[in-house]
Amino acid sequence: MSKRTKWDTKGDLDESKNLPIYQHKATLQQAVKDNSFLVVTGETGSGKTTQLPQYLHQAGFWSNGKIGITQPRRVAAITVAQRVSQEMHCSLGREVGYQVRFDDCTTQDTVVKYMTDGCLLREILADPVLSQYSVVILDEAHERSLNTDILLGLLKQTLSSPDKASKGRSVPLKVVVMSATLETDKLSVFLGGCPVFTIPGRTFPVTSKFSCAIGPKDTESSVYIKEVVKVALDVHTSEMAGDILVFLTDQQKQIFQPPPPGIRKCVVATNIAATSLTINGIKYIVDSGFVKQLNHNSRVGMDILEVVPISKSEALQRAGRAGRTSAGKCFRIYSPAFWEKCMPEYTVPEIQRTSLTAVILTLKCLGVHDVIRFPYLDRPEERFILEALKQLYQCDAIDRRGKVTRLGELMVEFPLPPGLTRALLQAASLGCEDLLLPVAAMLSVENIFIRPGHPEKQKEADKKHRQLGVQAGSCNDFTMLLSVFEKCKASDAPSAWCKDNYIHWRALKSAFSVETQLREILLRLQKKRDFPMEKFDGNKSELFRRCLCTGYFTNVARRSVGKVFCTMDGHGSMVHIHPSSTLFDQEAQLDWVIFHDLLVTSRIYIRTVCPIRYDWVKDLLPKLHEVDVYELSSVAREEVTDEEVAKWMTKETAKRQTEGSAEAVFKKLEKRNDESSVSDARARYLQRKQERQQGKAS
DNA sequence: GAGCACTGC
């Protein structure tokens, strides 16, 4: 049976014996022994995250390999590992450790390993059968993070095919999926009807009250902010002692200042509080009923940040925050009708509303050819998958057959969007990676330019930023990023330099770490024999911009009239250069540009822009419309024969001949963008803006 | 002439 360890004799902390999970210890240990898959469910406070790995350790699972536990967030992975190492009386990083990006706190001795789901996904890339592990526990599966969803599908697939499961493994891998009491039946069915183990929670009742302030017709209104303040103050004046947690869509702290005298605490939070933040003593919840969500629109090829009603499950989770220490109350500022008509049952999982380009490349690199019939717990819409395939084809990560190219194998190693990786690899092959590495890093972190709310300070910040642009001699936003990175790095007092120039020091520091990581990955790949190398004769500025073109030609736009540009990606969106760009107000001198991203607010803005010459993208542009949906769809489903590819090529040549000149192709690409979602997003933005101004005036 | 949550490699 289980091997004894030095901790067995010392016993658990008394506290852990009081946890609801403790009396199910033996049953849980046996259940994992008896099943390949197991779903464990229980409310927060049941102790499943800290205790189950210890139970499995005591049951001897460590002798066959590590016990790995994934978390969707870094802080959770680190703090839980700390807690468990204390309980097991060992120093962190020895028997119990954690791994998150930039911080690997594990050693050869580590047998209980907490990590982010993204880290485990990286490990699978290097070792598809996870030969180092005896058990993998996916925690917080109900959050449906992109990486956890992918891991679920991969583990299901690996374990359900006996041939793959045994390859490279001495004993079969055990998989435990832990989730809040939500959709657990669905998880069980997904995992072949595996047992579901329920651990009773330790929570107190929460009563919920609806109000009529927000009805079914108010989904886009910002009146909820006022109402939330009103309700919070009501609670303060009329309810018994206990702290208040308020859920809003963004931080608008000023509306709660000054706090009324007394000792009651009022925490205003965005979705951070829904998951990571634990606040003791919360007795009251004020729920606005809204959340800010980034949705990817595959038809227009852009991400739109929207304020949307939360789901019923999310509302229940918000309410639950009031019942951790004693009975609580939840005040919902919306009506029962709003609940019924506007709030979906469950939040749409991330995998169904995000760009899938990087995920699809990862799957392909793991040998998942049929990315449409991959076992997704919730299948993304087919057009999202096709769009991802198209992008991967366009940046040379996959070929016409949907097979990963040599370049694609290199690209998957980088924690970057594939287009940017493509540009970076191009630079590396031409020996100028020092230009692209800092840029890639800067584009991976939050916005580094600070723009204060105060009008005077704002002016000063804008002036400083313009000066930086001039000093850099930078003719585009990418070189601007490069220059800021290098200037700050070379500075004797980088933090003071940042403060003086209205630059986010914290963001720059993380850009430094990202750059180091990217450089390490690149160096590792360059040591391989077949790393591509090319030659280039020309000046450095052109070299830099041509590298960018290789990755960003899909984001090319051409000026049509005045300050308006038209994208060439087949959507033909009419876009403007964002006012934060160094190229803003110089539109008249521009013709062709490429850009890093699109932002939909009062207009469709392109951000991080770079002028290019048509010549540099001329040969790449046909790739934008080379592949049709039918072709991709069949590529996505099955292996494609040489004959079929040849047939497509012939069809394409014929098509090009009938279409004639490049100009004609552009005309076709300059289709007007009639996507209602974009105009809707714009209308909502303008409405909110108007309401805010009215609020100010009154 | 400028929006805005969060997480992850």
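Each chain gets a letter, A, B and so on, in the order its sequence line appears, and its residues count up from 1. The basis for the numbers below is simple: all heavy atoms, side chains too, and nothing from hydrogens, waters or symmetry mates.
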Ionic contact status for A:Glu446 with A:Arg506, cut-off 4.0 Å: yes

Atom-to-atom span, CG of A:Leu151 to C1' of B:dG8 - whole angstrom: 12 Å

Nearest listed nucleotide, side chain of A:Arg451, among B:dC9, B:dA2, B:dA5: B:dA2

Euclidean distance, atom NZ of residue A:Lys463 to atom P of B:dA2 [Å, nearest integer]: 22 Å

Nearest listed nucleotide, side chain of A:Thr116, among B:dA2, B:dT7, B:dG8: B:dG8

Protein-nucleotide distance (A:Lys292, atom NZ; B:dT7, atom P), rounded to Å: 14 Å

Nucleotide nearest A:Pro579 when distance is taken to its side chain, options B:dA5, B:dG1, B:dC9: B:dG1

With A:Asp597 via salt bridge (Lys or Arg N to Asp or Glu O under 4.0 Å) - residues at least two apart: A:Arg607

Parallel, tilted or perpendicular: ring planes of A:Phe290 versus A:Phe338, cut at 30 and 60 degrees: tilted

Rounded distance (Å) that lies between atom P of B:dG3 and atom CG of A:Leu598: 14 Å

Rounded distance in Å - CG (A:Asn295) to P (B:dA5): 16 Å

Pairwise 5' ranking along DNA chain B for A:Pro415 and A:Arg353, keeping only the more 5' one: A:Arg353

Touch class at under 4.0 angstrom, heavy-atom based, for A:Asp117 against every strand present: nothing

Spacing of A:Leu599 atom CG relative to B:dG1 atom P, expressed in whole Å: 17 Å

Sugar-phosphate, base or nothing in reach of A:Leu294, heavy atoms under 4.0 Å: base

Lys/Arg cation over aromatic A:Tyr376: A:Lys156, 6.0 Å, 45° cone: no

Euclidean distance, atom CZ of residue A:Arg603 to atom P of B:dA2 [Å, nearest integer]: 8 Å

Nearest-nucleotide pick for A:Glu350, side chain only, options being B:dT7, B:dC4, B:dA2: B:dT7

Separation of B:dG8 P from A:Glu140 CD (nearest whole Å): 13 Å

Sugar-phosphate, base or nothing in reach of A:Tyr605, heavy atoms under 4.0 Å: sugar-phosphate

Options B:dG8, B:dG1, B:dA2, nucleotide nearest the side-chain atoms of A:Phe584: B:dG1

Near-ring test A:His596/A:Tyr552, centroid separation under 6.0 angstrom: yes

